[in-house]
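Below: the structure, in C-alpha cells.
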2 protein chains.
Amino acid sequence: MKMSVLEEKLRQKNLKITPQRLEILRAVQNHQCDHPSAELIYQAVKKRYPAVSLATVYKTLETLVQIGEIRVAIVSDGKTRYDTRMDRHHHFLCSACGGVQDVEMRMDCLETCTPESLIGKGTIHRGEVIFHGICSGCEAKQAPAPNTPLL
Amino acid sequence: MKMSVLEEKLRQKNLKITPQRLEILRAVQNHQCDHPSAELIYQAVKKRYPAVSLATVYKTLETLVQIGEIRVAIVSDGKTRYDTRMDRHHHFLCSACGGVQDVEMRMDCLETCTPESLIGKGTIHRGEVIFHGICSGCEAKQAPAPNTPLL
DNA sequence: ATTATTGCAAATCCTTTGCACCGGC
DNA sequence: GCCGGTGCAAAGGATTTGCAATAAT
C-alpha cells in the first residue's frame, strides 16, 4: 500500500502521522512472509529507529489492526502474530516448529455457501483454511531419509 | 470416551490414574461446546474437588493433549483454549466477543487434495476451516434491528 | 493551542517451573 | 518402595496501562 493511502486512512480517523508509525508500517511490509510477532517488529524497527519503545510497537500494531491495514493471524502459539496480507489466502501451520506458511488456493465454496450448521448463528465475513502438518524443514530434522544409514 | 479407554491409554504410557485427572477429564467432557480455557476447567473442577491446583490443571491438560485425548484449538485470543472434540469439524469465531462455535461441514476437497502452493513444503495431516464473523448474540447487541426506532 | 502519541516503568494476565510432600501402583 | 503426580509459591513471558513529557496538526 502506498504511504499516501495509509496517511489518508490515518487522517480520516484523527490519527497522527509519526515517524514511529511509518517505521513500524515499513517493518510490517518487509515481513509479509513472516507473520511477525510484536517483538520481531520491534527488533526490526529498532535498527532504523533505536529509540522506539516496545509499548509503542504494541500500540501501533493494534492501531493498524483497527484501521484494517493488517490483521491478527490465527495461530495459537502463545504470542500474537500479525498477518500483513489482507487478501484471501490460507495458512499451513507446522506442528513441530510453529512456523506459518501462506497457502494460495481457491476455495469458492468458502466464498459462497453458508454451512447449514451456521444458519441463524451469525454473519460470516470470511472463511480461511488452516492446514496442520509438518513442514519439510522439520521433517528433514526429525526422521532420516528412508535409505540413509543411521551411522 | 469411556473411562476404561482413557485408563488404558494412561497405563500404556506409564501415567497414573488419579482423582484429579479423572475430575479434569470429566470437566473437559462437560464442556464440549465451550472450547474451554485452563482457567474455566479449573473453576469447574474446583466445585467438586476444591483442593486442585491450577498448575495441576495446566499439567493435566497438557498430558491430555499429548495422549491425543483433546487438542489445542486454533483461536488466537490470548489464552490457550482446548478442543475436546477430536473428530473432523470446523470453527466459527466471533470477532466481537471472541466466542467459538463448532461448524459441521463436509469439505472433501480438504481431505483429498494438496494445494499446489504447498507441494514440497511439508506433509499435511489435516485441514480445518475457520469462519470469521459476528455471532447472532453480538449482532443483537451492536445494531438495533432494521426497523426498530432508536428512541 | 490542542490533542494524540510516545517512552518508561509498573502492573497484569497467562503459563511454566522448582521443589518438598503425597499417593498410585 | 519407587516413581510419577500434586500443590504451592515463585519465576517467566507477553501484553497492557498510567502518566508525564513530547510532537503533530
Side-chain angles (χ1 to χ4, degrees), chain A residues 3-4 6-25 27 35-46 48-67 69-82 98, chain B residues 3-4 6-25 27 35-46 48-67 69-82 98:
Chain A
M3 272 314 167
S4 56
L6 174 74
E7 295 186 2
E8 192 52 38
K9 277 198 186 186
L10 289 172
R11 262 191 273 275
Q12 280 175 10
K13 311 227 176 186
N14 273 40
L15 299 171
K16 289 172 182 169
I17 296 167
T18 67
Q20 287 91 333
R21 283 188 174 158
L22 297 179
E23 274 306 325
I24 290 168
L25 182 71
H35 307 86
S37 64
E39 180 67 27
L40 193 151
I41 293 295
Y42 173 59
Q43 295 302 336
V45 171
K46 251 203 317 194
R48 297 175 49 109
Y49 198 111
V52 252
S53 143
L54 185 52
T56 298
V57 172
Y58 273 103
K59 287 169 188 165
T60 302
L61 288 171
E62 170 63 14
T63 301
L64 292 175
V65 170
Q66 295 307 331
I67 67 176
E69 195 63 25
I70 62 178
R71 59 190 177 204
V72 171
I74 301 297
V75 294
S76 288
D77 74 337
K79 63 191 81 174
T80 301
R81 297 176 63 161
Y82 296 89
Chain B
M3 272 315 169
S4 56
L6 174 73
E7 296 185 2
E8 193 49 39
K9 279 198 185 185
L10 288 172
R11 263 192 271 274
Q12 280 175 10
K13 310 226 176 187
N14 271 41
L15 298 171
K16 289 173 181 168
I17 295 167
T18 67
Q20 287 92 331
R21 284 188 174 158
L22 296 179
E23 273 307 323
I24 290 168
L25 183 71
H35 307 86
S37 63
E39 179 66 29
L40 194 151
I41 294 294
Y42 173 57
Q43 295 302 335
V45 172
K46 250 202 319 192
R48 297 173 50 107
Y49 198 111
V52 249
S53 142
L54 184 52
T56 299
V57 172
Y58 273 102
K59 288 170 187 164
T60 303
L61 289 171
E62 170 62 15
T63 301
L64 292 176
V65 170
Q66 295 307 331
I67 66 175
E69 195 63 24
I70 62 178
R71 60 190 176 203
V72 171
I74 302 296
V75 294
S76 289
D77 74 336
K79 64 192 79 174
T80 301
R81 296 176 63 161
Y82 296 89

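The model shown is predicted, which means the values in this text are computed figures rather than measured ones. By convention in this document, chain letters (A, B, ...) are assigned in the order of the sequence lines, proteins followed by strands, and residues within each chain are numbered from 1.
Across all strands, A:T80 comes closer than 4.0 Å only to sugar-phosphate atoms, never to a base (heavy-atom distances).
The distance from atom CD1 of B:I67 to atom CD of B:E8, rounded to the nearest 0.5 Å, is 11.5 Å. Note: B:I41 CD1 to B:I70 CD1 = 7.5 Å, rounded to the nearest 0.5 Å. Note that NE2 of B:H35 and CD1 of B:I74 are 11.5 Å apart. Values are rounded to the nearest 0.5 Å. To the nearest 0.5 Å, the span separating CG on A:L64 from CG on A:L25 amounts to 6.0 Å.
Residues satisfying the side chain to side chain contact (heavy atoms under 4.5 Å, CB included) test with B:L40, not counting sequence neighbours, are B:H31, B:P36, B:S37. Evaluation of the salt bridge (Lys or Arg N to Asp or Glu O under 4.0 Å) rule for A:R81 yields A:D77 as partners, not counting sequence neighbours. Under the side-chain hydrogen bond (donor to acceptor under 3.5 Å, both in side chains) criterion, B:R71 pairs with no residue, sequence neighbours left out. Qualifying side-chain hydrogen bond (donor to acceptor under 3.5 Å, both in side chains) partners for A:R48, counting only residues two or more places apart in sequence or in other chains: A:E23.
Taking atom CZ on A:R81 and atom C1' on D:dA14, their separation rounds to 14 Å, with Å as the unit. Distance, A:Q43 CD to D:dG13 P: 14 Å, rounded to whole Å.
A donor-acceptor pair under 3.5 Å links the side-chain atoms of A:S76 to the main chain of B:A73, judged by distance alone.
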Short heteroatom pairs, N/O only, protein and nucleotides 16-22 of chain D, under 3.5 Å:
from, atom 1, to, atom 2, distance (Å)
D:dG18, O6, A:K59, NZ, 3.4

Name the pairs: protein N/O against N/O of nucleotides 3-5 of chain D, kept only if under 3.5 Å.
from, atom 1, to, atom 2, distance (Å)
D:dC3, O2, B:K16, NZ, 2.9
D:dG4, O4', B:K16, NZ, 3.4
D:dG5, OP1, B:R21, NH1, 2.8
D:dG5, OP1, B:R21, NH2, 2.7

For residues 11-20 of chain B, dump all side-chain donor-acceptor pairs below 3.5 Å to protein atoms at least two apart in sequence or in another chain.
from, atom 1, to, atom 2, distance (Å)
B:T18, OG1, B:R21, N, 3.2
B:Q20, NE2, B:Y49, OH, 3.4

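Sorted by first and then second residue, the side-chain hydrogen bond (donor to acceptor under 3.5 Å, both in side chains) pairs involving residues 52-65 of chain B (not counting sequence neighbours) are B:E62-B:Q66.
The pair A:K79-A:E39 fails the salt-bridge criterion, with no side-chain N (NZ, NE, NH1 or NH2) lying under 4.0 Å from an Asp/Glu carboxylate O.
In this structure, A:S53 and B:I17 both approach DNA chain C, and ranking their closest nucleotides by distance from the 5' end singles out A:S53.
Taking a heavy-atom distance under 4.0 Å as the criterion, the stretch of DNA chain C touched by chain A extends 5' to 3' from C:dT3 to C:dC8.
Across A:L61 and A:Y82, no two heavy atoms sit closer than the pair CD1-CE1, 3.6 Å.
Direction change of the helix axis from one end of the helix from C:dA1-D:dT25 to C:dC25-D:dG1 to the other is 40°, with five pairs defining each end axis (rounded to 10°).
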